[in-house]
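Here's the structure, in structure tokens; my notes come after.
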2 protein chains.
Amino acid sequence: MSRRDDVLATLAAAPGFLAAQQVYTRLRARQIGIGLATVYRVLAALEAEGVADVVRSAGGETLYRLCRSSGHHHHLLCRDCGRAEELDAAVVERWAAGVAREHGFDDVSHTVEIVGRCSRCRG
Amino acid sequence: MSRRDDVLATLAAAPGFLAAQQVYTRLRARQIGIGLATVYRVLAALEAEGVADVVRSAGGETLYRLCRSSGHHHHLLCRDCGRAEELDAAVVERWAAGVAREHGFDDVSHTVEIVGRCSRCRG
DNA sequence: CTATATGCAAAAAGTTTGCATCTCC
DNA sequence: GGAGATGCAAACTTTTTGCATATAG
């Protein structure tokens, strides 16, 4: 099994986003002798291929997660357990495009992240 | 004039977001002998006070800008010149809250960044 | 005089790169 | 044997911290 597959398996097993360091730690915990550099290289490749989503944490880390849907989408993230749900958001798409046009902006892309507390964590 | 005011003046003079390093460079260019550590400390304070907006760049830097409106808002950012316009977005607010509720999420906050090319940069 | 602010340099934290080795074809 | 993958360690970038000095009230 290639290191790439090891990283993919780790991401696939996670409910939400993982930092590179977390991927590394989990693999080492499973006795897989991967290097941190390889983790970073694989994650960068997955991002480039569009296989993984990327968000930046408040602490400045880069977090990765496998894309569950292929198209453009957004995330709903639990701030306590890190659980992430992917959202389809035609409404925001249209909103974003419209607002941009009003301001004379073109060629628009956007980021939407919603963070809250999920039912499980609300207790 | 305190270093805090120097940093505030620099942010106020910028059309968009600035990285800490840019604030530092601009101040040094104006013969102001500030330390990089102070820039970071002041920016962190401004963020904590809610005086400055913060976004993370794709490169992992933390970018700062003075808030122009006091309430919650979003940004429309030009990817070429960095010009940023602040948006009021009642529509997204409602959308975000609604989507969250559907998924059993509570206590929601969100981030929306729209990036495009402004009329000036489109040529 | 005491508390806070500041500068410098060192230290962290996260990420990337150089390079030798190892693997698979 | 050769291209690409990998590990390790060193380098880099951004940000934070320790500590001594300077400044404000």
Side-chain angles (χ1 to χ4, degrees), chain A residues 1-12 14 16-66 77 79 82 84 111 113, chain B residues 1-12 14 16-66 77 79 82 84 111 113:
Chain A
M1 194 185 241
S2 72
R3 296 305 171 209
R4 180 179 214 274
D5 291 334
D6 291 330
V7 171
L8 277 171
T10 303
L11 289 180
F17 287 85
L18 292 181
Q21 309 267 1
Q22 292 180 288
V23 172
Y24 174 73
T25 303
R26 290 177 190 208
L27 285 170
R28 303 293 289 206
R30 286 172 44 216
Q31 316 297 324
I32 294 173
I34 195 173
L36 188 51
T38 302
V39 172
Y40 277 105
R41 282 189 279 239
V42 169
L43 289 174
L46 295 178
E47 177 188 1
E49 293 164 33
V51 175
D53 289 324
V54 180
V55 305
R56 303 250 163 206
S57 74
E61 302 156 280
T62 308
L63 306 178
Y64 297 86
R65 214 200 63 167
L66 292 189
L77 190 66
R79 74 165 59 85
T111 305
E113 293 291 335
Chain B
M1 194 186 241
S2 72
R3 297 304 165 205
R4 180 177 214 273
D5 290 334
D6 291 330
V7 171
L8 277 170
T10 303
L11 289 180
F17 287 85
L18 292 181
Q21 308 266 2
Q22 291 179 288
V23 172
Y24 174 72
T25 303
R26 290 178 189 207
L27 286 170
R28 302 294 288 206
R30 286 172 43 215
Q31 316 297 326
I32 294 173
I34 194 173
L36 188 52
T38 302
V39 172
Y40 276 104
R41 281 190 278 240
V42 169
L43 289 174
L46 294 178
E47 177 188 0
E49 293 165 32
V51 175
D53 289 324
V54 180
V55 305
R56 302 251 164 205
S57 76
E61 300 157 281
T62 307
L63 307 178
Y64 297 86
R65 214 199 64 167
L66 292 189
L77 190 67
R79 73 164 61 85
T111 305
E113 292 291 334

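So you know, we letter chains A, B, ... as the sequences are listed, proteins then strands, and number each from 1.
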task: Check whether any side-chain heavy atom of A:Val23 lies under 4.5 Å from a side-chain heavy atom of A:Tyr64, and answer yes or no.
output: no
Separation of D:dT14 C1' from B:Tyr24 OH (nearest whole Å): 14 Å
message: Closer than 3.5 angstrom, by distance alone: can the side chain of B:Arg28 be matched with the main-chain N or O of B:Ile34 as a donor-acceptor pair?
response: yes
field: Atom pair distance, as rounded to whole Å: CD in B:Glu47 and C1' in D:dT16
entry: 14 Å
Inter-axis angle, terminal five-pair segments of the helix from C:dC1-D:dG25 to C:dC25-D:dG1 [nearest 10°]: 20°
message: Would A:Arg65 and A:Leu18 count as a side-chain contact (heavy atoms from CB on, under 4.5 Å) here? Give the steps.
response: CA-CA 6 Å; A:Arg65 214 200 63 167; A:Leu18 292 181; over 6 Å; no
- prompt: Can you find a heavy atom in the side chain of B:Ile32 that is under 4.5 Å from one in the side chain of B:Arg3?
  reply: yes
field: Reported CG-to-CZ distance for the pair B:Leu46 and B:Arg4, which is rounded to 0.5 angstrom
entry: 5.0 Å
message: Can you confirm whether B:Arg30 sits close enough to B:Thr10 that some side-chain heavy atom of one is under 4.5 Å from a side-chain heavy atom of the other?
response: yes
- prompt: Where along nucleotides 11-25 of chain C does protein come under 4.0 Å, by heavy atom, of base (B) or sugar-phosphate alone (S), with - for untouched nucleotides?
  reply: ---SBBBB-------
message: Could you check whether any side-chain heavy atom of A:Thr38 comes within less than 4.5 Å of a side-chain heavy atom of A:Asp6, counting everything from C-beta outward?
response: no
message: If you define the side chain from C-beta out and look only at heavy atoms, does anything of B:Leu11 sit under 4.5 Å from B:Leu43?
response: yes
Whole-Å distance separating the CG atom of B:Leu18 from the P atom of D:dT14: 14 Å
message: In whole Å, I'd like the distance from the CZ atom of A:Arg3 to the C1' atom of D:dA5.
response: 10 Å
